Amino acid sequence: MSQTQEILALVVVIALAGVGLLVGLLRSRGGKDKQLPPQAPSAPPATREPSVGDESAPPRDTPKRTVETSPGVDLLEPPVVEPTPTVETPAPAVGRLQRLRARLARSNSAMGQGLLSLLSRGGLDEQAWEDVEDTLLTSDLGVEATTELVDSLRTRVKVEGATDEATVREWLRADLLTLVDPSMDREVASSRVDGRPAVVMVVGVNGTGKTTTVGKLARVLVAEDKDVVLGAADTFRAAAADQLQTWGERVGVPTIRSDREGADPAAVAFDAVKGAAEAEADVVLIDTAGRLHNKVGLMDELGKVKRVIEKQSPIDEVLLVLDATTGQNGLRQAEVFSEVVNVTGIVLTKLDGTAKGGIVVAVQRKLGVPVKLVGLGEGPDDLVPFDPEAFVDALIS
């Protein structure tokens, strides 16, 4: 190596040594001056709220929160227990008419008391007999029955000559009882026939209380220890099925119905009869729509319901529900329904209040079928099996 090269190498070594020494000094100086960043003062330890059951927690000046008032604690709602429907025990049907006799007597006082007053005053002339006829006609007895009754009373007065009230009362009672005809069979079909349930179809126009009557009839039959099934075939009137089902639930009677409003009533009736047979019930009561008797199409529909039921079972009873206050209009209704469905019995509703007792005789004569039940009030047990003798006694009491 030349002298020049040796000198250059020595200079480089010295320069490198100087740079290393300078870097070391700088690092040493920076390490002495560097400080850690100031730390935030540590927070005091959080005080924990005592939990339920912390018996060892130190006492405090304020009482512990209870579970009910502690924030953030969601208490579970107690389970909602649906009340068990209370099944009612209907009053026995026997003797209802006697218990309600006073109510019936008030409703028919115009007929009974009016006749007694006229006949027992003595000196009966033609004007008096005309007054007797008017009283009977305004009581919805009908022309034919009125003529028969007046003729019989005229003969008795002429032959017997007595006009005291006790004697006249006996004459009137005997003649009225003959008109009401106690020999008619007034039993409602409610027992199994040839191993199947009895089928009762209930018909009538709107406003007569037909659905209510079906519910009350169920109570009458339950009181007689009958197993009853209801069929809600009135599918055209809103809430009719609900109303009937409520009546049934009150006495533990099932209701067969459609969940669809406006369903085919004949199909519902068919299902009700079939269901009653499967349940081995004693009787099934079919509630039909309240049909206007002057609408031919609706009456045809009612006839269809009857025919469809008969594909499943014979119909043992057709009860026509009539409003006792409608008088001669009710008789027209009775005629039309009888032509369509062969009515076997009459139910007279609203016989209390303003009803005239003569309608019982008039409708029986018009159809040749008996009045089997009468409604004497709004109570659930105010549907009464018709008793001719009790009815006549109430008229003239």
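Quick note: numbers below take in every heavy atom, side chains included, and nothing from hydrogens, waters or symmetry partners. This is a predicted model, so every value here is computed, not measured.
Side-chain contact check for Leu153 versus Trp129: some heavy-atom pair is nearer than 4.5 Å. Contact of the Met201 side chain with the Val305 side chain is registered, since non-hydrogen atoms from C-beta on lie closer than 4.5 Å. Between Val369 and Thr344 the shortest side-chain heavy-atom distance does not fall below 4.5 Å. Under the 4.5 Å side-chain criterion, counting only non-hydrogen atoms from C-beta, Val222 is in contact with Val228. At a threshold of 4.5 Å between non-hydrogen side-chain atoms, the residues Val253 and Val229 do not count as touching. Counting only heavy atoms from C-beta outward, the side chains of Phe386 and Val180 approach each other to under 4.5 Å. The shortest distance between side-chain heavy atoms of Leu179 and Leu149 falls below 4.5 Å. At least one side-chain heavy atom of Leu285 sits less than 4.5 Å from a side-chain heavy atom of Leu221.
Contact check on Glu187 versus Lys372 returns no salt bridge, with no Lys/Arg side-chain nitrogen under 4.0 Å from an Asp/Glu carboxylate oxygen. Salt bridge status for Arg257 with Asp242: present, with a side-chain N to carboxylate O gap under 4.0 Å. In this structure, Arg219 pairs ionically with Asp381, as a charged nitrogen and a carboxylate oxygen lie closer than 4.0 Å. Salt bridge Glu144/Lys366: absent, no basic N to carboxylate O contact under 4.0 Å. A salt bridge does not link Asp271 with Lys274: every distance from a Lys NZ or Arg NE/NH1/NH2 to an Asp or Glu carboxylate oxygen is 4.0 Å or more. Looking at Asp393 and Arg173, a side-chain N of the basic residue comes within less than 4.0 Å of a carboxylate O on the acidic one, giving a salt bridge. Salt-bridge check for Glu335 with Arg332: passed, with a basic side-chain N closer than 4.0 Å to an acidic carboxylate O. A salt bridge links Glu148 to Arg365: at least one charged side-chain nitrogen sits closer than 4.0 Å to a carboxylate oxygen. Here Asp264 pairs with Lys304 in a salt bridge; the nearest charged N to carboxylate O distance falls below 4.0 Å.
Atom CD of Glu133 is separated from atom CG of Leu141 by 11.0 Å, given to the nearest 0.5 angstrom. The distance from the CD1 atom of Ile359 to the CG atom of Asp140 is 5.0 Å, given to the nearest 0.5 Å. Residue Leu376 holds its CG atom at 6.5 Å from CG of Asp382, rounded to the nearest 0.5 Å.
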Could you walk me through whether Leu373 and Leu217 pass the side chain to side chain contact (heavy atoms under 4.5 Å, CB included) check? CA-CA 9 Å; Leu373 298 152; Leu217 178 55; 3.9 Å; yes

Should Asp323 and Thr208 be marked as a side-chain hydrogen bond (donor to acceptor under 3.5 Å, both in side chains) after you check the CA-CA gap, both sets of side-chain angles, and the distance that decides it? CA-CA 5 Å; Asp323 184 336; Thr208 58; over 6 Å; no

Determine, stepwise, if the pair Val371 / Val374 fulfils side chain to side chain contact (heavy atoms under 4.5 Å, CB included). CA-CA 8 Å; Val371 171; Val374 292; 3.8 Å; yes

Yes or no on salt bridge (Lys or Arg N to Asp or Glu O under 4.0 Å) for Asp234 and Arg237, after CA distance, side-chain angles and deciding distance? CA-CA 6 Å; Asp234 183 354; Arg237 183 170 66 87; 3.6 Å; yes

Could you walk me through whether Val193 and Arg196 satisfy the side chain to side chain contact (heavy atoms under 4.5 Å, CB included) test, starting with their C-alpha distance in whole Å, then the side-chain angles of each, then the deciding distance to 0.1 Å, before giving a yes or no? CA-CA 5 Å; Val193 182; Arg196 63 170 178 81; 3.8 Å; yes

Evaluate Ser152 against Asp175 for side-chain hydrogen bond (donor to acceptor under 3.5 Å, both in side chains), listing each step before the verdict. CA-CA 7 Å; Ser152 176; Asp175 288 344; 2.8 Å; yes

Leu319 and Val200: CA distance, side-chain angles, deciding distance, side chain to side chain contact (heavy atoms under 4.5 Å, CB included) verdict: CA-CA 7 Å; Leu319 295 176; Val200 179; 3.9 Å; yes

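Val143 shares a hydrophobic cluster with Leu137; the chain of contacts runs through ILVMFWY side chains whose heavy atoms sit under 4.5 Å apart.
The local environment of NZ in Lys226 is crowded, with over 12 non-hydrogen atoms from other residues, nucleotides or ligands closer than 6.0 Å.
In terms of heavy atoms, Lys350 sits closest to Gly207 at NZ-O, 3.2 Å. The shortest heavy-atom contact between Ala233 and Pro265 is O-CB, 3.1 Å. For the residue pair Val308 and Phe270, the shortest heavy atom distance occurs at O-CD1, 3.6 Å. In terms of heavy atoms, Ile286 sits closest to Ala269 at CG2-CB, 3.9 Å. The two residues Ser313 and Val273 make their nearest non-hydrogen contact at CB-CG1, 3.7 Å. In terms of heavy-atom proximity, Val363 sits nearest to Leu331 at CA-CD2, 3.5 Å.
In the hydrophobic clustering of ILVMFWY residues, with side-chain heavy atoms under 4.5 Å counting as a link, Val251 and Leu244 come out together. In the hydrophobic clustering of this structure, Trp247 does not group with Val321; members are Ile, Leu, Val, Met, Phe, Trp, Tyr whose side-chain heavy atoms approach within less than 4.5 Å, directly or through other members. Hydrophobic clustering, with ILVMFWY side chains joined whenever heavy atoms are under 4.5 angstrom apart, groups Leu177 together with Val361. Note on Val150 and Val360: same hydrophobic cluster, where clusters join Ile, Leu, Val, Met, Phe, Trp and Tyr whose side-chain heavy atoms are under 4.5 Å apart, directly or indirectly. Connection of Val214 to Val268 is not established within any shared hydrophobic cluster, with ILVMFWY side chains joined at heavy-atom distances below 4.5 Å, either directly or through further cluster members.
Side-chain contact, Thr212 with Gln243: a donor N or O sits under 3.5 Å from an acceptor N or O. When only modelled atom types and interatomic distance are considered, Thr211 and Asp287 share a side-chain donor-acceptor pair under 3.5 Å.
Although no hydrogens or angles enter the test, the distance criterion places no donor-acceptor pair under 3.5 Å between the side chain of Thr326 and the main chain of Leu322. At least one donor-acceptor pair under 3.5 Å links the side chain of Lys216 to the backbone N or O of Gly379. No donor-acceptor distance shorter than 3.5 angstrom exists from the side chain of Ser338 to the backbone of Ala334, with no hydrogens or angles considered. Within the 3.5 Å criterion, the main-chain N or O of Ala281 finds no donor-acceptor partner in the side chain of Asp227.
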